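All heavy atoms count here, side chains included; hydrogens, waters and symmetry mates do not. All of these numbers come straight from a predicted model, not from anything done at the bench. Chain naming here is simple, since letters A, B, ... match the order of the sequence lines and numbering starts at 1 in each.
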Amino acid sequence: MPAYWLNLCFKVKQVKKTGEVLVFAEQEDGEVHPVTYELLGKGSELAAKLGVELTSVFLGCGISEKAVELIQYGADKVYLYDSPSLETFDATRYTTNIVELVKETKPEIFLIGATRIGRSLAPRIAAALRTGLTADCVDLNLDKDGNLIQIRPAFSGNIMAQVKTKTRPQMATVRYKVMKANKKVPGRKGTVIKKKVKVVKDTGTKILGKIKSDEVNLAEAEVIVSGGRGLKKPEDFALLKELAAALGGVVGSSRPLVDAGWIGKEHQVGFSGHTVKPRVYIACGISGAPQHLFGMRDSDVIIAINKDPSAPIFNVADYAVIGDLYEILPLMVKQIQKIRSRRKTR
Amino acid sequence: MKPGLKMIVLVKQVPEIEKVRFDYEKGRLDRSSAGAVINPFDLNALEAAVQIKEKTGGEITVLSMGPPQAKEALKDALARGADNAVLLTDVKFAGADTLATSYTLSCAVRKLEPFDLILCGEKTIDGDTAQVGPEVAEFLGIPHVAYVEKILDVNENRVVTRSRMERCYYDIEMRFPSLITVTKDANTPRLPTLRDKIKARKAEITIWSADDLSDIAHEAIFGASNSPTRVAKVYAPLSSKRKAVFIKGTTEEKARQIASLLAELVL
Ligand SMILES: Cc1cc2nc3c(=O)[nH]c(=O)nc-3n(C[C@H](O)[C@H](O)[C@H](O)COP(=O)(O)OP(=O)(O)OC[C@H]3O[C@@H](n4cnc5c(N)ncnc54)[C@H](O)[C@@H]3O)c2cc1C
Ligand SMILES: Nc1ncnc2c1ncn2[C@@H]1O[C@H](COP(=O)(O)O)[C@@H](O)[C@H]1O
């Protein structure tokens, strides 16, 4: 048996609040994912309560300028790993370097964005460290002993669960757009610590191509007009597009229409699609199945248009319109255009 | 030349979410009325394996950890094209979190060695962590690619996949042994034929308990008591308590009210 298998031990360690709060700073193509700033916001709150430092680990290539920004958003220290070998995300390379850092700095809490990169990376790190990891958290608190209370949806969003971790670091991935970022403070003091990068030459994977997607980005959208099986044919998405265009938003969809090939999968909202949190979500002809609600129930304002007064979508809506989307949408577009032109002439 | 690829598909039996009743007052769920099925995303993983096998030849083993009833899920997987099935079942495994689950599964994979490719679903509909796949890969010390939306090419030595991260698509070539997790967009799982179903009814399922893994595993790492995370409490989602204002009037009036509301909110 390899010695590796004997190292395993999940013993509970003594709780000492000397460890820092560590945040993974995620970048893709040199651009920092905004969830990073939100994690720094929540992280600085937790660090202050525990009386420890907020630190951030940042991996990539040619990113030292961006590292300073992490300090402006609240990090006291940034561990910078800058190397061509880290230019694109590679789970093995990232894990190797981060695991070594965690063993050295022994953070109390380690937060990672619940993005696809984060959810691919965090479990590898947690397994390597033999520590607990809570996925897709929507809230984080501390109990009276300073232990992390992690709150996350489970059972496709039907229930919320509070999770605690007995090992250290307490690791969690955190959903985008649920935590508040700190205001950027130019000139805020902190240190960037250049770390020596361990280059894993052969990871068993090779990136053959990387294509920047020009598809809609639902996660970032402020207004989403979504259609469901209330639509009768693919062309009718035009109705939703018009409304979305009038509001400066994008079009979303429930799953059946994506599965039927009426619209691309990048438009799908829900458990097996995107989780969104726009300022306004307009659901047109969507019944409100739990898997759909999972992806949009935290939107700021939800407007539902449905023929059926008993449709479950109305249970999560702020404004309910009982009616035929084919009659209401064109009228809404007209009204909105009227309002816009009135404002312009003023 | 190797005789095709040896693949292991990780499948979990899950309750049919639509039929689980949630008692929000007590924070409990009642699964008694719900049937149990293969986690939908694991069907995509299985279908991907079957399609690979059709191309390169080989063998598919489905592996699951769960209660004895999970045998049914494995029989379903056999009807859908798997060749062998292994169920890890033992009270010692019960209540495991993702780390303990992944550890247990990785021990069983060791026991099944050698293998080329492990396939997992993107996530489960009950646990919904997407963690077990990458954690298994780490325990085994093999590379993984998560969120595979398409298998572009495969031969006896490597697989080429396309997956989307946040802003970009990545085409990645990965050698064996390795692991992928697949999304529902990877394929459409086919339905088993009646003949396959009948054949699978009679098929043997290998059952392993903690003792069967003792030559490989550390017992102190199984089950609830050795899981680093613990669910302290469950309750109803707070945002489900919105109270909708029903917009009244003629269609015209409704449209006007919503339009002015939208103008206020976002214009
Ligand atoms: C593992 C799994 C994952 C899933 N993931 C997702 C996911 O990510 N996203 C998702 O959306 N679903 C998902 N689903 C599917 C989900 O369970 C539902 O089947 C789906 O959301 C229903 O889509 P719908 O509301 O468009 O259709 P329906 O449920 O058929 O509802 C159509 C609605 O349109 C209304 N309607 C009809 N005509 C009109 C009209 N002229 N004007 C106004 N209203 C009208 C009807 O009253 C009805 O309420 C998933 C399911 C599973 C099992
Ligand atoms: N108990 C289990 N037995 C077998 N495979 C599992 C089990 N739990 C999770 N998996 C696999 O890991 C994937 C991710 O599960 P999860 O981390 O629970 O979201 C699933 O789609 C399965 O392929």
Exam field: side chain A:E28 to backbone A:I117, donor-acceptor pair closer than 3.5 Å: no
NZ (A:K334) with more than 12 external heavy atoms under 6.0 Å: no
Spatial distance of atom OG (B:S178) from atom CD1 (B:I118) [nearest 0.5 Å]: 8.5 Å
Engaged part of A:Q268 at the chain B interface, taking heavy atoms whose separation is under 4.5 Å: side chain
Minimum side-chain heavy-atom gap A:P278-A:I224 below 4.5 Å: yes
Choice from B:D126, B:I247, B:T181, B:T98 maximising heavy atom contacts with chain A below 4.5 Å: B:D126
CD on A:E220 to CG on A:L218, rounded to 0.5 Å: 10.5 Å
Residues in residues 142-151 of chain B that sit under 4.5 Å from chain A, counting heavy atoms only: B:I142, B:P143, B:H144, B:A146, B:Y147, B:E149
Chain A contact via B:V160 - which portion, at a heavy-atom distance below 4.5 Å: side chain
Short side-chain to backbone donor-acceptor contact, B:N44 and B:N187, under 3.5 Å: yes
Atom group of A:T203 that falls short of 4.5 Å from chain B, counting heavy atoms: backbone
Aromatic contact, A:F314 with B:F246 (centres under 6.0 Å): yes
B:K184 charged N/C atom sitting above A:F271 aromatic ring, 6.0 Å / 45°: no
Segment of A:I303 engaging chain B (4.5 angstrom heavy-atom cut-off): side chain
Segment of A:A219 engaging chain B (4.5 angstrom heavy-atom cut-off): neither
Under 4.5 Å from a heavy atom of chain B, the part of A:V258 involved: side chain
Distance (rounded to the nearest 0.5 Å) between A:I207 CD1 and A:D90 CG: 6.5 Å
Atom pair CD1/CG of A:I149 and A:D143 - distance to nearest 0.5 Å: 5.0 Å
Chain A contact via B:P40 - which portion, at a heavy-atom distance below 4.5 Å: neither
Region of B:L267 in contact with chain A, defined by heavy-atom distances below 4.5 Å: both
Residue A:R124 versus chain B: region with a heavy atom under 4.5 Å: both
Segment of B:T161 engaging chain A (4.5 angstrom heavy-atom cut-off): neither
Contact class of B:T251 relative to chain A, heavy atoms under 4.5 angstrom: both
Structural part of A:I322 lying under 4.5 Å from a heavy atom of chain B: both
Under 4.5 Å from a heavy atom of chain B, the part of A:V223 involved: side chain
Part of B:K248 lying under 4.5 Å from any heavy atom of chain A: neither
Residue pair B:L10, B:V136: steps toward the side chain to side chain contact (heavy atoms under 4.5 Å, CB included) verdict: CA-CA 10 Å; B:L10 301 185; B:V136 167; 4.2 Å; yes
Ring-face cation contact, A:F89 with B:R164, 6.0 Å cut, 45° max: no
From A:N141 atom CG to A:L148 atom CG, the distance as rounded to the nearest 0.5 Å: 8.0 Å
Among B:P15, B:A130, B:G133, residue most engaged with chain A (heavy-atom pairs, under 4.5 Å): B:A130
Step-by-step side chain to side chain contact (heavy atoms under 4.5 Å, CB included) determination, B:V245 to A:D318: CA-CA 6 Å; B:V245 174; A:D318 299 287; over 6 Å; no
Side chain / backbone / both / neither for A:E31 at chain B, heavy atoms under 4.5 Å: both
Rounded distance (nearest 0.5 Å) linking atom CD1 of A:I305 with atom CG of A:D324: 10.0 Å
Interface moiety of A:I125 toward chain B, non-hydrogen atoms closer than 4.5 Å: neither
Contacting region of B:S163 [heavy-atom separation from chain A under 4.5 Å]: neither
Chain B contact via A:D29 - which portion, at a heavy-atom distance below 4.5 Å: side chain
